[in-house]
Undergrad: 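Please read through the structure below; I'll follow up with questions.
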Amino acid sequence: MKRHVASLLAQALKAMREAGELPADLELPEVQVERARDRAHGDYAANTAMVLAKPARQKPRDLAETIRSRLPASEAIAGVEIAGPGFLNFTLTTAARQESVRVALRQGAEYGRSDVGAGHRVHIEFVSANPTGPLHVGHGRGAAFGDALASVLEAAGYHVHREYYVNDAGRQMDILAASLWLRYLEAAGEPVSFPNKGYQGDYIVTHARELFEADGREHVRTAAELGAGLPAEDDDPEGYLDALVARSRELLGETAYRRVLDFALEAILGDIRADLDAFGVHYHRYFSERQLVDQGRIEHALERLDQAGYTYRADGALWFQASVFGDDKDRVLRRDNGLTTYFAADVAYHLDKIERGFDTLVNVWGADHHGYVPRVQAALKALGVDAERLDVRLVQFAILYRGGEKLPMSTRSGEFVTLRELRDEVGKDAARFFYVMRRSEQHMDFDLDLAKSESADNPVYYCQYAHARICSVFRQLEERGLACRVTPDEAALERLDAEHEAILLDLLGRYPEVIESAALAREPHQVAQYLRELAAAFHTYYNAVPFIIDDEALRDARLTLVQATRQVLANGLGLLGVDAPQSM
RNA sequence: GCGCCCGUAGCUCAAUCGGAUAGAGCAUCGGCCUUCUAAGCCGAGGGUUGCAGGUUCGAACCCUGCCGGGCGCGCCA
């Protein structure tokens with residue numbers, strides 16, 4: 001409908017130019033049509049006359065008058081008014097307004113879907129937390145945002161691929177393997193001392209015991225063998241850790257070491273997958289960084305950069321000329337010790353996404369990675385890829401509070417709240433809705449005690465309650481031996497002339513526009529805001545007007561309206577990964 | 001020090017590309033269960049959109065400078 005109005009305006013402008021009412025050389029602007037914020041302003045509003053006033057050298061209101069006279073007739077438009085400084089306000093006919101109810105019920109779960117995405121292939125990468133421990137609550141926002149955005153894009157007609165990038169290569173994996181092995185030795189009764197910089201969490205102990213149960217004493221070495229000749233930990237904790245890793249590797253041999261490492265990785269990745277699963281987040285693929293290394297994709301990427309002529313050697317290292325493409329400085333790809341950097345792997349990963357045929361790459365990153373964005377963009381540009389194709393959405397951290405006290409969430413400190421604990425405390429639905437309710441750029445406060453103690457006031461329940469209430473109405477109807485006896489097309493929707501009904505009709509018609517807007521702006525919070533509005537309109541309606549009444553035609557019309565509302569609530573909540581319960 | 005993000009009601013946040021009288025929830029106060037779920041509804045109070053300039057028909061939004069908060073500035077990942 002919005003597009004219909006815009007097209008009417010565009011035709012009017014064209015006609016005016018041909019009639020000489022606008023300068024022939026005037027470039028016609030893209031017509032902006034928006035939903036009227038105030039119902040007194042009709043259904044749709046356009047600022048076209050005000051935008052054109054200056055270049056056309058005419059008064060906005062006069063221009064608006066001319067535009068109105070040139071508008072083609074439309075069955076959907078009941079009237080056009082000129083208001084304020086020169087707004088054109090369009091009012092829909094009642095028939096056009098009722099149409100949304102019929103469309104919503106006819107399309108059911110499909111209502112709201114569109115084809116603006118035109119099958120564009122979008123790769124969306126989110127969470128991608130290091131597989132060195134369970135997900136903590138800091139990852140929750142990225143998970144909720146990324147998944148909701150992916151769903152919204154799907155609904156808007158994009159072809160979406162969800163991916164988790166697993167950083168299963170490099171030093172952190174060695175530290176993980178060593179940490180798990182030391183706990184394994186403890187489980188076997190060896191008196192080893194655990195390094196401060198190792199992964200301290202209980203989950204390591206748990207998984208180490210599992211390894212002990214699975215493999216028995218096969219990987220046991222004595223504490224004496226392990227400690228012999230190692231430097232003192234206090235002097236150089238990081239150096240000590242590296243020495244410990246090297247010693248572990250040496251004592252276990254490559255095969256057993258690999259076994260321990262893979263066991264640790266699989267166990268932790270299993271935890272992560274299970275947590276995301278329970279959070280309602282499902283990926284098409286978990287993409288392994290190690291595989292990128294093993295398959296020579298990093299060398300491939302470095303060659304490509306080299307061929308493009310943007311690498312050079314200095315101080316024994318291989319550098320990328322990121323500064324040529326807008327980054328602050330050049331970046332190292334291969335260190336003087338011969339190992340490639342994390343950045344090199346990331347270049348390879350992004351190149352791989354492009355080579356897999358994706359049109360657009362959406363990266364959902366924590367805001368602490370913002371300094372990293374220019375160098376990845378620079379690499380893509382150097383590889384001849386249009387930087388517009390990479391869209392990095394930075395998600396600000398949610399600052400956690402418990403009882404008014406700010407909470408740290410570092411995995412190193414050992415005192416962090418896991419995503420699982422969050423789910424256990426406040427529930428999946430409340431957590432997901434809360435995370436996705438706000439703009440991702442907005443810093444956010446999240447008080448766990450508040451979310452728990454006031455869980456009944458959480459906006460998610462407000463929306464779910466509206467859905468459950470509607471289901472209850474139909475149960476009630478059945479109990480009284482009644483039913484809605486008409487199809488949506490037969491319903492006497494013209495009887496719905498009350499103010500509350502007009503508001504609901506208006507909102508139902510807006511839903512597809514909201515999805516489209518949320519997809520284009522990459523802002524799933526628009527959907528959450530909309531659902532709250534829709535739920536509010538329904539609750540008001542529910543309290544003001546009885547549905548199960550004696551007047552059968554009116555009763556059926558109201559039931560049809562309410563059924564359409566239920567459908568839209570269910571569709572919208574579904575996009576956000578929130579359940580729409582039949583009862584509460 | 002440099003760079004990025006943010007600053008809106010007591011609190012947490014919205015505000016459709018710059019658009020009409022800046023809106024919700026929580027909290028406070030006053031009402032509504034003898035009919036479909038009170039996890040709800042109706043009403044009231046609460047604002048110099050951090051501050052000061054600028055741009056224009058029009059600024060919470062764009063520009064400049066300050067103030068405050070978060071984050072980042074590694075041959076770590």
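Below, chains carry the letters A, B, ... as their sequence lines are ordered, and counting in each starts from 1.
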Undergrad: Rounded to the nearest angstrom, tell me the gap between atom CD in Gln464(A) and atom P in rG25(B).
TA: 18 Å

Undergrad: For a quick check of understanding: with a heavy-atom distance under 4.0 Å over all strands, which category does Val392(A) fall into, base, sugar-phosphate or nothing?
TA: nothing

Undergrad: Could you check whether any side-chain heavy atom of Gln172(A) comes within less than 4.5 Å of a side-chain heavy atom of Asn167(A), counting everything from C-beta outward?
TA: yes

Undergrad: According to a 3.5 Å limit on both distances, what stems of 3 or more consecutive Watson-Crick or G-U pairs are formed with RNA chain B?
TA: B:1-7 with B:67-73, B:10-13 with B:23-26, B:28-32 with B:40-44, B:50-54 with B:62-66

Undergrad: What I want to check is whether an N or O donor and acceptor connect the side chain of Gln32(A) with the base of rC17(B) at under 3.5 Å.
TA: yes

Undergrad: Scan Ala521(A) against the nucleic acid and name what it touches under 4.0 Å (heavy atoms): base, sugar-phosphate only, or nothing.
TA: nothing

Undergrad: May I ask you to say what Phe474(A) touches in the nucleic acid, namely base, sugar-phosphate or nothing, with a heavy-atom cut-off under 4.0 Å?
TA: nothing

Undergrad: Atom CD1 of Ile82(A) to atom P of rC57(B): distance rounded to whole Å?
TA: 20 Å

Undergrad: Taking 4.0 Å as the cut-off, does a side-chain nitrogen or oxygen of Arg335(A) come that near to OP1 or OP2 on rA77(B)?
TA: yes

Undergrad: Find the distance Trp365(A):CH2 to rA77(B):P and express it as a whole number of Å.
TA: 15 Å

Undergrad: When we call it a touch if two heavy atoms are under 4.0 Å apart, what does Ala544(A) touch: a base, just sugar-phosphate, or nothing?
TA: nothing

Undergrad: Please measure how far the P atom in rG3(B) lies from the corresponding atom in rA22(B), and state the result in whole Å.
TA: 36 Å

Undergrad: Are Asp327(A) and Arg331(A) ion-paired here, with the side-chain N under 4.0 Å from a carboxylate O?
TA: yes

Undergrad: Describe, in one word, how the ring planes of Tyr372(A) and His369(A) are oriented to each other, choosing from parallel (under 30°), tilted (30 to 60°) and perpendicular (over 60°).
TA: perpendicular

Undergrad: Taking the basic N atoms (NZ, or NE/NH1/NH2) and the acidic carboxylate oxygens, is any pair closer than 4.0 Å for Arg35(A) and Asp506(A)?
TA: yes

Undergrad: Report yes if at least one side-chain N or O of Gln396(A) is closer than 4.0 Å to OP1 or OP2 of rG70(B); otherwise report no.
TA: no

Undergrad: Report the distance from atom OH of Tyr530(A) to atom OG of Ser517(A), rounding to the nearest 0.5 Å.
TA: 12.5 Å

Undergrad: How far does the C1' atom of rC61(B) sit from the matching atom of rC6(B), given to the nearest Å?
TA: 14 Å

Undergrad: By the 4.0 Å heavy-atom rule, please label Ala317(A) as base, sugar-phosphate, or nothing.
TA: base

Undergrad: Classify the side chain of Asn47(A) and the base of rA20(B) as holding, or not holding, a donor-acceptor pair under 3.5 Å.
TA: no

Undergrad: Please encode protein proximity along nucleotides 11-16 of chain B as a string of B, S and -, counting only heavy-atom distances under 4.0 Å.
TA: -SSSSB

Undergrad: In whole Å, measure the gap between the P atoms of rG25(B) and rG68(B) for me.
TA: 35 Å

Undergrad: Does rC36(B) have OP1 or OP2 under 4.0 Å away from a side-chain N or O of Tyr541(A)?
TA: no

Undergrad: With P as the reference atom in both, quote the distance from rA20(B) to rC2(B) in angstrom, rounded to an integer.
TA: 37 Å

Undergrad: Short question: side chain of Asn47(A), backbone of Met50(A) - any donor-acceptor pair under 3.5 Å?
TA: no

Undergrad: Any idea if rC33(B) is syn or anti, going by the 90°-from-0 cut?
TA: syn

Undergrad: How would you label the contact of Arg331(A) with the nucleic acid (heavy atoms, under 4.0 Å): base, sugar-phosphate, or nothing?
TA: nothing

Undergrad: Identify whether any heavy atom of Ala468(A) sits under 4.0 Å from a base atom; if not, whether one sits that close to sugar-phosphate; answer base, sugar-phosphate or nothing.
TA: base

Undergrad: Strictly below 4.0 Å, N to O, side chains only: are Arg485(A) and Glu552(A) in salt-bridge contact?
TA: yes

Undergrad: Have a look at His370(A) and say if it touches a base, only the backbone sugar-phosphate, or nothing, with a 4.0 Å heavy-atom cut-off.
TA: base

Undergrad: So Asp327(A), base contact, sugar-phosphate only, or nothing? Heavy-atom distance under 4.0 Å.
TA: nothing

Undergrad: Please report the distance separating the P of rU34(B) from the corresponding atom of rA15(B), rounded so that it comes out in whole Å.
TA: 41 Å

Undergrad: Check the orientation of Phe538(A) and Phe547(A). Use parallel for under 30°, tilted for 30 to 60°, and perpendicular for over 60°.
TA: tilted

Undergrad: What's the CD-C1' distance between Gln476(A) and rC36(B), to the nearest Å?
TA: 5 Å

